[in-house]
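Written below as structure tokens is the structure these notes are about.
Computed from a prediction, not measured in an experiment: that's the story for all the values here. Chain letters run A, B, ... following the sequence lines, proteins first and then strands; every chain starts at 1.
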2 protein chains.
Amino acid sequence: MARPALTREEVLAAAADLVRQHGPQTLTMRKLAAELGTAVTSIYWHVGNRESLLDALVERTIAELGEIRPVGRTPAGRIVSVARALRRRLRDHPHLVAMVHERGLTERMFLPAQQALVHEVHAAGLRGARAADVVRAVQFQVVGHLLVERNHERAPAQHPGEEELWGARTAEEDPALARTLARAIDTEKLFVLSVKALVAGLLTGASDGASDSGSGPGADSGDRTVSRAPYPQ
Amino acid sequence: MARPALTREEVLAAAADLVRQHGPQTLTMRKLAAELGTAVTSIYWHVGNRESLLDALVERTIAELGEIRPVGRTPAGRIVSVARALRRRLRDHPHLVAMVHERGLTERMFLPAQQALVHEVHAAGLRGARAADVVRAVQFQVVGHLLVERNHERAPAQHPGEEELWGARTAEEDPALARTLARAIDTEKLFVLSVKALVAGLLTGASDGASDSGSGPGADSGDRTVSRAPYPQ
DNA sequence: ACCTGAACACCGTTCAAGT
DNA sequence: ACCTGAACACCGTTCAAGT
């Protein structure tokens with residue numbers, strides 16, 4: 001009976017499965033062929049090569065993302081809800097997200113959320129470059145947190161040195177803190193906490209002036225010249 | 001003349017150089033051997049294998065990090081300065097940072113900054129789990145931003161679809177925003193902006209209660225059960 | 001103690017040849 | 001139109017053999 005004809009869809013599905021489980025590094029054309037019960041070279045006829053196979057998976061991930069609708073009463077709350085909704089969608093496919101990212105397509109993946117965010121930021125009364133900054137900051141926050149998180153899970157028990165290094169200086173002074181830092185991180189809780197703080201800070205304009213903070217010439221900012229007009233035009 | 005005797009240091013230095021320039025993927029044992037003018041197998045004698053070679057590079061990166069001293073007048077400013085200092089140190093070796101991260105050693109790399117941060121967070125009047133949250137949030141922020149940034153640079157001209165997709169709906173309503181989102185990102189500025197906002201939000205406790213925001217049952221938080229006591233003990 | 005080439009098992013990919 | 005095996009150039013790694 002040979003085989004009921006190999007299709008491109010079949011190849012993509014099998015590849016997506018392998019990637020979802022073990023990441024892209026472990027996906028070899030030969031293993032994929034074995035999984036599908038065909039010759040390696042058949043795959044090449046359907047998808048070109050390994051690189052465009054992964055491209056197709058990434059493209060598919062982006063397409064499947066769908067629209068994001070904000071929820072909540074306050075502008076800040078609605079912005080946070082967009083961040084959480086996006087995160088929830090991406091969290092199931094951490095490897096895919098990393099791949100999207102590696103291909104420099106983060107912006108495109110982020111578009112549905114961006115649409116929603118712009119609307120909410122406008123509702124919060126911001127316009128122009130300031131509004132754009134908020135959108136970008138949230139984008140970096142969501143994606144960054146996801147990337148950090150992905151590899152954090154891979155190293156569950158952090159190296160034992162930590163607790164010892166902490167024990168010495170901090171343990172007796174603030175045992176609750178030392179204990180918390182030694183424990184595993186609840187990434188979901190940390191994310192919500194961070195986004196809320198970030199959004200609150202952005203909307204209240206806490207990040208505007210060089211009001212406080214060590215961003216003067218004496219500070220560690222030193223070499224990098226960041227001194228342009230904060231919001232030109 | 002043959003060769004003035006291959007040393008482990010020499011191997012590590014050459015490897016670090018290749019990684020710094022083109023990332024770890026392009027580092028092959030054979031290319032490294034060619035670079036050093038020795039047989040491939042000689043390298044194995046000095047460093048074991050490719051994996052432990054990369055491990056050694058990572059270890060070295062962490063060790064070279066050094067202490068971080070806060071600068072600034074306000075607690076928030078000093079916390080921001082720690083984030084910026086850490087970022088500046090890591091920014092020159094983005095590949096190395098990613099490698100540290102992949103090996104799950106982020107925590108250890110972050111330790112010098114953590115020491116400084118704990119001190120400043122205490123100075124800001126926070127203790128226990130709340131203090132730990134601030135430390136963690138800043139850690140994720142710095143590393144996450146760096147990771148996002150690393151791959152962002154690799155895709156300088158974002159796909160053209162962006163401006164078009166934006167043009168339609170937003171362009172006439174808020175042209176300044178559309179223009180900014182279409183432009184390349186000034187990652188340094190975005191980082192400073194974000195950290196300031198995050199720290200401000202964290203210190204003012206903006207992320208505490210379910211006060212506003214859509215984190216109620218009606219929100220998109222839906223499935224994940226995040227409902228524990230916010231700060232047990 | 002240090003270096004070497006040959007050899008093995010694994011890659012991705014091409015190509016001529018089949019049906 | 002679709003599938004195949006052989007072959008090529010590249011990997012990381014091992015090992016017996018050199019000095």
How would you summarise protein contacts on nucleotides 7-19 of chain C per nucleotide, using B for base, S for sugar-phosphate only and - for none, with heavy-atom distances below 4.0 Å? B---BBBBB----

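For A:Glu102 and B:Arg150, the salt-bridge test fails: no basic side-chain N is under 4.0 Å from an acidic carboxylate O. By the 4.0 Å N-to-carboxylate-O rule, A:Arg60 lies close enough to A:Glu9 to be salt-bridged with it. For the pair A:Arg89 and A:Glu64, the salt-bridge criterion is not met [side-chain N within less than 4.0 Å of a carboxylate O]. Using a 4.0 Å cut-off between a side-chain N of Lys or Arg and a carboxylate O of Asp or Glu, A:Arg136 and A:Glu107 qualify as a salt bridge.
Sparse packing is recorded around NE2 of B:His119, with 12 or fewer heavy atoms of other residues, nucleotides or ligands lying under 6.0 Å away.
Cation-pi check for A:Arg87 over A:Phe191 is met; the charged atom lies under 6.0 angstrom from the ring centroid and within 45 degrees of its normal.
With values rounded to the nearest 0.5 angstrom, B:Arg130 atom CZ is found 13.0 Å from A:Leu177 atom CG.
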Secondary structure of DNA chain C in dot-bracket form (Watson-Crick or G-U wobble, distances below 3.5 Å, | marking inter-strand pairs): ||.|||||...|||||.||

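Between B:His46 and C:dC3 there is a side-chain N or O to OP1 or OP2 distance below 4.0 Å.
With A:Thr28 contributing its side chain and A:Lys31 its backbone, the two residues share a donor-acceptor pair below 3.5 Å.
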